[in-house]
**Q** 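Attaching a single structure in structure tokens format; questions to follow.
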Amino acid sequence: MGILSASPPTMSPDQALEFRSRNPFWVTLKDLGWVYGQNLVVEDRWGESADELRAAAFDLVRLKVDLLWSPGFSPAAYLLRETKTIPIVVFQAGVDLVADGFVASLARPGGNLTGSQVFQGALVPKRLELLKALVPSLSRVALLQDRVTTTAVPNVLIRYTQQAAVAALPLGLKIDTFVVQHRDAFPSAFFDMMKARAQGLLVMSSNFFSRRRREIVDLAAKHRIVTLYEHQQYAEAGGLMSYGASNDEMLRRSAVYVDKILRGAQPGDLPIEQPTKFELSFNLKTAKALGLTIPPSLLQRADQVIA
């Protein structure tokens, strides 16, 4: 199996071993009979630019692996350019796979791509409502986007920005978009947010951002900006709050698809899955550091409260 990610591994071999022992994707694969390094040989490749991702995708396809797995759609887009035969399982594609022409339908994708998709833009209204409920005086919200690894799917950023602008109007919010163009651009992006007097921040999800979540969380804390993330792992890393699809459940489902394909199923026959469970998380320690009191009405709705 080949895995293409949008940033390099950050764990030592021992840390990676411990991670696989608790990550729902790897745990589920093991439960289904696939043991990493034994009957499941994994080739990891990564890229932090269009050129690097293109080269990494070419390399994986050249190896003639049995299956390709992509966290997010950007890596999958490069894999699709290199092969129309090797099965590709995408995890939480943030694009409309049907509308953008990557699959024939959700029920029967056809071709060599299947997996899951999450319309993150459709969740923007809810996320902005949560920010406004937490800070009623909020008027300017920054939107942080990744252009380092999303050049293959530019429509994603355009749609997301448009949906955010529409959702902001009834809440009396102004949206300013800040785009990370390269791996070292996070500090300057936050500096520009402060110049624009942003009071809140919505961080768009991507595999590239996820691998750098600690840096993003630390910068948000340094600049004391009220931030909402799309995945629970950010709150667990010290982020203020998150609202999005349940990562654990979708990782388990992704592992099931990998198992089915490795046992002979055709990707084109496996439906594109969409999330059914969404989770709201708060980090109370971070809230206290920001001088915020989370209203009981919000805490009651939380699926996870980190003390």
Side-chain angles (χ1 to χ4, degrees), residues 1-48 52 56 60 63 65-72 74-76 89-92 115-116 118 146 149 183 186 203 205-221 229-242 244-262 275 277 279 281-286 302-307:
M1 179 172 78
I3 297 178
L4 181 59
S5 302
S7 54
T10 57
M11 293 181 283
S12 69
D14 287 344
Q15 289 173 326
L17 180 64
E18 195 275 333
F19 171 78
R20 289 192 297 272
S21 73
R22 58 182 171 78
N23 178 271
F25 177 75
W26 296 108
V27 170
T28 301
L29 278 177
K30 186 176 181 180
D31 290 343
L32 292 169
W34 301 101
V35 181
Y36 184 96
Q38 295 183 23
N39 64 344
L40 182 65
V41 178
V42 179
E43 295 286 349
D44 282 299
R45 298 292 186 276
W46 56 271
E48 291 186 304
E52 289 180 357
L60 281 174
L63 293 174
V65 295
D66 296 312
L67 177 145
L68 294 158
W69 192 78
S70 169
S74 293
V89 177
V90 60
F91 172 70
Q92 289 199 10
S116 59
V118 179
D146 160 27
T149 59
R183 69 193 74 180
F186 290 102
V203 178
S205 65
S206 75
N207 178 235
F208 175 70
F209 276 7
S210 178
R211 290 290 185 95
R212 283 167 170 72
R213 60 186 177 274
R214 172 59 66 182
E215 181 179 3
I216 296 172
V217 165
D218 288 348
L219 283 166
Y229 305 90
E230 296 185 349
H231 293 301
Q232 191 178 61
Q233 58 189 346
Y234 284 88
E236 293 170 350
L240 174 63
M241 59 193 295
S242 66
S246 170
N247 254 15
D248 287 359
E249 179 58 29
M250 296 193 77
L251 282 168
R252 293 186 190 98
R253 292 299 307 159
S254 189
V256 169
Y257 268 29
V258 169
D259 171 66
K260 287 182 176 181
I261 292 172
L262 289 177
K277 182 180 180 183
E279 296 176 333
S281 300
F282 290 102
N283 189 306
L284 297 184
K285 183 179 179 180
T286 303
D303 299 278
Q304 181 185 39
V305 177
I306 302 167

**Q** Atom CD1 of I216 and atom CZ of R212: how far apart are they, to the nearest 0.5 Å?
**A**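 So the gap between those two atoms works out to 9.0 Å.
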**Q** Is the ring centre of W69 less than 6.0 Å from the ring centre of F25?
**A**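 When the ring centroids of W69 and F25 are compared, they turn out to be within the sub-6.0 Å range.
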**Q** Under 3.5 Å, is there a donor-acceptor pair between the side chain of S206 and the main chain of D146?
**A**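 Looks like no, no N/O pair under 3.5 Å.
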**Q** Determine the minimum heavy-atom distance between V27 and R20, stating which atoms define it.
**A**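 Answer, listing the atom of V27 first, then R20: CG2-O, 3.9 Å.
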**Q** Is the W26 ring parallel, tilted or perpendicular to the Y36 ring (thresholds 30°, 60°)?
**A**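 Answer is perpendicular, since the angle exceeds 60°.
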**Q** Can you give me the closest heavy-atom contact between Y234 and V217, atom names plus distance?
**A**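 In this case the closest contact between Y234 and V217 is O-CG2, 3.9 Å.
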**Q** Might you point out which heavy atoms bring A245 and H231 nearest each other, and give the distance in Å?
**A**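 Heavy atoms only, the tightest pair is O-ND1, 4.4 Å.
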**Q** Atom CZ of F91 and atom CE of M250: how far apart are they, to the nearest 0.5 Å?
**A**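 Atom-to-atom, F91:CZ and M250:CE are 6.0 Å apart.
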**Q** Taking it one step at a time, do L262 and L67 satisfy side-chain contact (heavy atoms from CB on, under 4.5 Å)?
**A** CA-CA 7 Å; L262 289 177; L67 177 145; 4.2 Å; yes
**Q** At their closest point, which heavy atom of G238 faces which heavy atom of T286, and how far apart are they?
**A**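 For G238 and T286, the tightest heavy-atom pair comes out as O-OG1, 2.7 Å.
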**Q** Main chain of S246, side chain of E279: is a donor-acceptor contact present, judged purely on distance under 3.5 Å?
**A**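 Between the backbone of S246 and the side chain of E279 there is no qualifying donor-acceptor contact (under 3.5 Å).
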**Q** Does one side chain, of Q232 or D303, offer a donor that lies under 3.5 Å from an acceptor on the other?
**A**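 No, no side-chain donor-acceptor contact under 3.5 Å.
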**Q** How would you list all residue pairs meeting salt bridge (charged side-chain N to carboxylate O under 4.0 Å, His left out) that involve residues 22-40, not counting sequence neighbours?
**A**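 Passing the test, one end in residues 22-40: E18-R22.
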**Q** Which heavy atom of A237 sits nearest a heavy atom of R214, and at what distance?
**A**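 In terms of heavy atoms, the two residues are closest at O-NH1, 2.7 Å.
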**Q** Could you verify whether a donor N or O on one side chain and an acceptor N or O on the other, from S5 and R211, lie under 3.5 Å apart?
**A**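 A pair is found: one side chain offers a donor N or O, the other an acceptor, under 3.5 Å apart.
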**Q** Would you please indicate yes or no on a ring centroid separation below 6.0 angstrom for F209 and F186?
**A**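 F186 vs F209: aromatic centres under 6.0 Å.
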**Q** Could you report the tightest heavy-atom contact between L4 and A56, atom names first, then the distance?
**A**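 Of all heavy-atom pairs spanning L4 and A56, the closest is CD1-CB, 3.4 Å.
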**Q** Find the distance between CG (D248) and CZ (R253) and round it off to the nearest 0.5 Å.
**A**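 Going from the CG atom of D248 to the CZ atom of R253 covers 14.5 Å.
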**Q** CG of D259 to CG of L40: how many Å apart, nearest 0.5 Å?
**A**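 Rounded to the nearest 0.5 Å, the CG-CG separation comes out at 10.5 Å.
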**Q** Kindly indicate whether the side chain of L284, heavy atoms from C-beta on, has any atom under 4.5 Å from the side chain of I306.
**A**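 Not in contact.
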**Q** R252 side chain to T28 main-chain N or O, any donor-acceptor pair under 3.5 Å?
**A**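 No, R252 side chain to T28 backbone: no donor-acceptor pair under 3.5 Å.
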**Q** Does the side chain of Q92 come within less than 4.5 Å of N247's, by heavy atoms?
**A**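 Touching, per the 4.5 Å side-chain cut-off.
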**Q** Indicate yes or no: at least one non-hydrogen side-chain atom of L60 is less than 4.5 angstrom from one of E43.
**A**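 The answer is yes, as the side chains (C-beta and beyond) meet within the 4.5 Å cut-off.
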**Q** Using only atom types and a distance under 3.5 Å, with no angle test, would you say the side chain of R213 pairs donor to acceptor with the backbone of S210?
**A**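 Between the backbone of S210 and the side chain of R213 there is a qualifying donor-acceptor contact (under 3.5 Å).
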**Q** Using salt bridge (charged side-chain N to carboxylate O under 4.0 Å, His left out) as the criterion, list what pairs up with E215, not counting sequence neighbours.
**A**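 E215 satisfies salt bridge (charged side-chain N to carboxylate O under 4.0 Å, His left out) with no residue once adjacent residues are dropped.
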**Q** Can you find a heavy atom in the side chain of V305 that is under 4.5 Å from one in the side chain of S281?
**A**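 When only atoms from C-beta onward are counted, S281 and V305 do not touch, as no gap falls below 4.5 Å.
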**Q** If only atom types and distance count, is the side chain of D66 paired as donor or acceptor with the main-chain N or O of M1 below 3.5 Å?
**A**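 A pair under 3.5 Å: no.
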**Q** Can you tell me how far the CZ atom of R45 sits from the CD1 atom of I3, to the nearest 0.5 Å?
**A**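 That separation rounds to 11.0 Å.
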**Q** Verify, without hydrogens or angle tests, whether N39 (side chain) and G33 (backbone) share a donor-acceptor contact under 3.5 angstrom.
**A**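 Yes, because the side chain of N39 sits within donor-acceptor range (under 3.5 Å) of the backbone of G33.
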**Q** How long is the gap from CG on N283 to CG on L240, to the nearest 0.5 Å?
**A**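 The CG atom of L240 is 7.5 Å from CG of N283, to the nearest 0.5 Å.
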**Q** Which residues pass the salt bridge (charged side-chain N to carboxylate O under 4.0 Å, His left out) test with R183, sequence neighbours left out?
**A**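 In terms of salt bridge (charged side-chain N to carboxylate O under 4.0 Å, His left out), with neighbours along the sequence ignored, R183 is linked to E48, E52.
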**Q** Does the side chain of F19 come within less than 4.5 Å of M11's, by heavy atoms?
**A**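 Yes - at least one pair of side-chain heavy atoms lies under 4.5 Å apart.
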**Q** Under a 3.5 Å distance rule, please check whether S70 uses its side chain to pair with a backbone N or O of V90 as donor and acceptor.
**A**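 Side chain of S70 to backbone of V90: no pair is present.
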